[in-house]
Amino acid sequence: MSERIIPLVDQRIPTLSAPAAAFAPNTRLGANGLLSDRHGRPLRDLRISVTDRCNFRCSYCMPKEVFDRDYAYLPHSALLTFEEITRTARLFVAHGVRKIRLTGGEPLLRKNLEVLIEQLAALRTPEGEPLDLTLTTNGSLLARKARALRDAGLQRVTVSLDGLDDAVFRQMNDVDFPVADVLEGIAAAQAAGLGPIKVNMVVKRGTNDQEILPMVRHFKGTGLVLRFIEYMDVGATNGWCMDEVLPSDEVIQRIRAEMPLVPLAPSAPGETAQRWGFANAQGEPDPQAGEIGVISSVTHAFCGDCNRARLSTEGRLYLCLFATQGYDLRSLIRGQASDEDILSAIGHIWQQRDDRYSELRGAAPADAPGTPTRRVEMSYIGG
Ligand code: SAM
């Protein structure tokens, strides 16, 4: 296994931010829900980061060596308020967004998050439909908060869980957090009706890949959807190297050696996971057994139908997880900009979107010499 090399610099601060006003040319762009970027991709999915803080220190995301007690997190005044988030989300909905995912950092660390959820749950599409409102969490506070989140109008949750073996899990989260508490959080979310619940496992070869089969056995037939995520070269602090990536094809092979699987069709355009069903004796998908998914952002990049935008904790709009530049919407939001001004800026930014970072880095992986590393951290932009 290759050595983990962690650059001890904060790569977040120098990340460029373009003022959104620069992307609002004189032509006013209203919202008709038909917005598309230069590759014809619509805007459907908005991920909103509500905090850059987390109580875990997973080495692939917020390694202790960098995110230590001296780390300069964003001051509270820099964070978008709930009202600012809701106003911005409403404008994104006018442009075609139908799904909102709250993330972070650890979103459940943001105080009174239920208040934001209530505000977002009240938003309606131009057709009068509610949004698909969901949240990604490490599950540590879920047992306490699941009921209140549901009551506030949250529909579903995705829980990150990197193994069932307590020692492996404690090592992965690097704060000695027990797996039993996350399982209790998942059970509370199920009881509160926050489903269908997805469970995301980041697989690092040599660290937790022995947990793949126990996880499949544990969640098969429970109604929860387990998904395996390839360890990604996101951010610039995790010391990523290709040797630690276990390709999704190998994950599927390992599962298939014990349980027959059949490929399933995507359930929605732009879906990140490739879905697999458990096969019955006739080789058909068995609905009772459920499904698993793999997210192959390293080995099978999927920019072609990406319809996701990301709003950072401090109101910068990012068009890709691997972007180096965000667009400063907060200065518009806190300035004198009208809804129409902001709508127009978002529209212009999306129309000019040309990126295919994942596909391009497939041709030149992040550990290739000369590859730029000024990418934003996942904990800042949201997963
Ligand atoms: N704290 C929340 C959580 O744990 O789900 C939300 C934020 S977290 C950044 C979102 C997701 O990104 C988690 O499932 C996490 O495992 C995943 N993630 C973070 N860094 C990653 C990396 N380098 N490669 C793949 N997935 C990563």
Side-chain angles (χ1 to χ4, degrees), residues 4 6 11-12 47-63 66-67 73 100-110 113 134-142 145 149 156-163 169 172-175 177 179 181-182 185-186 189 194 197-205 207-209 211 215 225-242 244-248 251 272-273 293-299 301-302 308 310-313 318 321-322 358 361 365-367 373 375-383:
R4 181 171 150 207
I6 295 175
Q11 296 279 351
R12 187 193 62 193
R47 304 202 172 180
I48 303 174
S49 175
V50 293
T51 177
D52 60 341
R53 292 162 195 260
C54 188
N55 53 345
F56 282 13
R57 285 292 173 273
C58 307
S59 61
Y60 56 75
C61 187
M62 293 183 77
V66 176
F67 296 88
Y73 292 99
I100 291 183
R101 175 179 297 280
L102 298 180
T103 177
E106 171 48 43
L108 298 187
L109 290 182
R110 180 88 186 245
L113 189 73
T134 178
L135 172 145
T136 301
T137 173
N138 61 26
S140 59
L141 300 169
L142 205 47
K145 299 202 170 186
L149 294 170
R156 339 182 252 116
V157 287
T158 296
V159 181
S160 305
L161 178 63
D162 295 334
F169 183 65
M172 291 289 284
N173 64 56
D174 216 6
V175 291
F177 196 87
V179 74
D181 291 16
V182 177
I186 293 175
L194 284 168
I197 298 174
K198 289 179 184 152
V199 175
N200 280 353
M201 171 175 169
V202 175
V203 181
K204 271 184 94 174
R205 192 197 286 274
T207 303
N208 67 337
D209 56 320
E211 289 297 296
M215 288 279 281
V225 179
L226 175 61
R227 304 186 313 171
F228 298 96
I229 307 181
E230 285 177 351
Y231 169 38
M232 287 187 281
D233 48 330
V234 69
T237 58
N238 61 12
W240 183 91
C241 70
M242 190 65 200
E244 290 183 307
V245 178
L246 187 78
S248 293
V251 172
T272 47
V294 287
I295 301 180
S296 321
S297 28
V298 177
T299 60
F302 43 81
R308 281 177 293 285
R310 293 180 152 83
L311 187 64
S312 81
T313 318
Y318 286 88
L321 196 51
F322 296 94
S358 288
R361 78 189 210 291
D367 57 355
T373 54
R375 288 184 302 253
V376 285
E377 294 300 323
M378 189 102 149
S379 53
Y380 162 73
I381 195 177

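Order of listing sets the numbers, starting from 1, for every ligand and every atom in it.
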**Q** If we only count N/O pairs under 3.5 Å, is Cys61 in contact with ligand 1?
**A**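 Not met; the criterion fails.
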**Q** Just by distance, no angles: are the side chains of Thr51 and Glu106 close enough, under 3.5 Å, to form a donor-acceptor pair?
**A**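 Note: Thr51 and Glu106 side chains miss the donor-acceptor criterion.
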**Q** Considering the heavy atoms of Asn138, write down every atom of ligand 1 situated less than 4.0 Å from one of them.
**A**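 Reading through ligand 1 atom by atom, the close ones are 2 (C), 3 (C), 4 (O), 5 (O).
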**Q** Quick one: does Ser160 get an N or O within less than 3.5 Å of an N or O on ligand 1?
**A**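 There is such a contact, yes.
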**Q** Checking contacts here: is it the side chain or the backbone of Val202 that comes within 4.0 Å of ligand 1, counting heavy atoms only? Could be both or neither.
**A**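 For Val202, the contact with ligand 1 is made by the side chain alone.
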**Q** Does the side chain of Leu135 reach to within under 4.5 Å of the side chain of Leu113, using non-hydrogen atoms?
**A**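 Yes, close enough: below the 4.5 Å cut-off.
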**Q** For ligand 1, which is the ligand I care about here, please tell me if Glu106 has any N or O atom under 3.5 Å from one of the ligand's N or O atoms.
**A**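 Such a contact does occur with ligand 1.
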**Q** Number the atoms of ligand 1 from 1 as they appear, then name those within less than 4.0 Å of a heavy atom of Thr137, with their elements.
**A**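 What qualifies from ligand 1 is 2 (C), 3 (C), 4 (O), 5 (O).
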**Q** Which atoms of ligand 1 are found less than 4.0 Å from any heavy atom of Gly105?
**A**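 Going through ligand 1 atom by atom, the ones under 4.0 Å from Gly105 are 1 (N), 2 (C), 6 (C), 7 (C).
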**Q** If the cut-off is 4.0 Å to any non-hydrogen atom of Thr103, which atoms of ligand 1 fall inside it?
**A**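 So the atoms of ligand 1 that pass are 6 (C), 7 (C).
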**Q** Which atoms of ligand 1 sit under 4.0 Å from any heavy atom of Glu230?
**A**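 Atoms satisfying the 4.0 Å criterion: 24 (N), 25 (C).
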**Q** Testing Thr299, Val294, Val251 one by one against Glu230 for a side chain to side chain contact (heavy atoms under 4.5 Å, CB included), which residue passes?
**A**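 For Glu230, the side chain to side chain contact (heavy atoms under 4.5 Å, CB included) check succeeds only for Thr299.
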**Q** Do Pro247 and Arg205 have side chains that approach each other closer than 4.5 Å (heavy atoms only, starting at C-beta)?
**A**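 Yes, their side chains come closer than 4.5 Å.
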**Q** Using the ring of each side chain (for Trp, its six-membered ring), is Phe177 parallel, tilted or perpendicular to Phe56, with breaks at 30° and 60°?
**A**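 It falls in the tilted class, 30° to 60°.
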**Q** Does Arg101 form a side-chain hydrogen bond (donor to acceptor under 3.5 Å, both in side chains) with Thr158? I'd like the steps, not just the answer.
**A** CA-CA 10 Å; Arg101 175 179 297 280; Thr158 296; 3.1 Å; yes
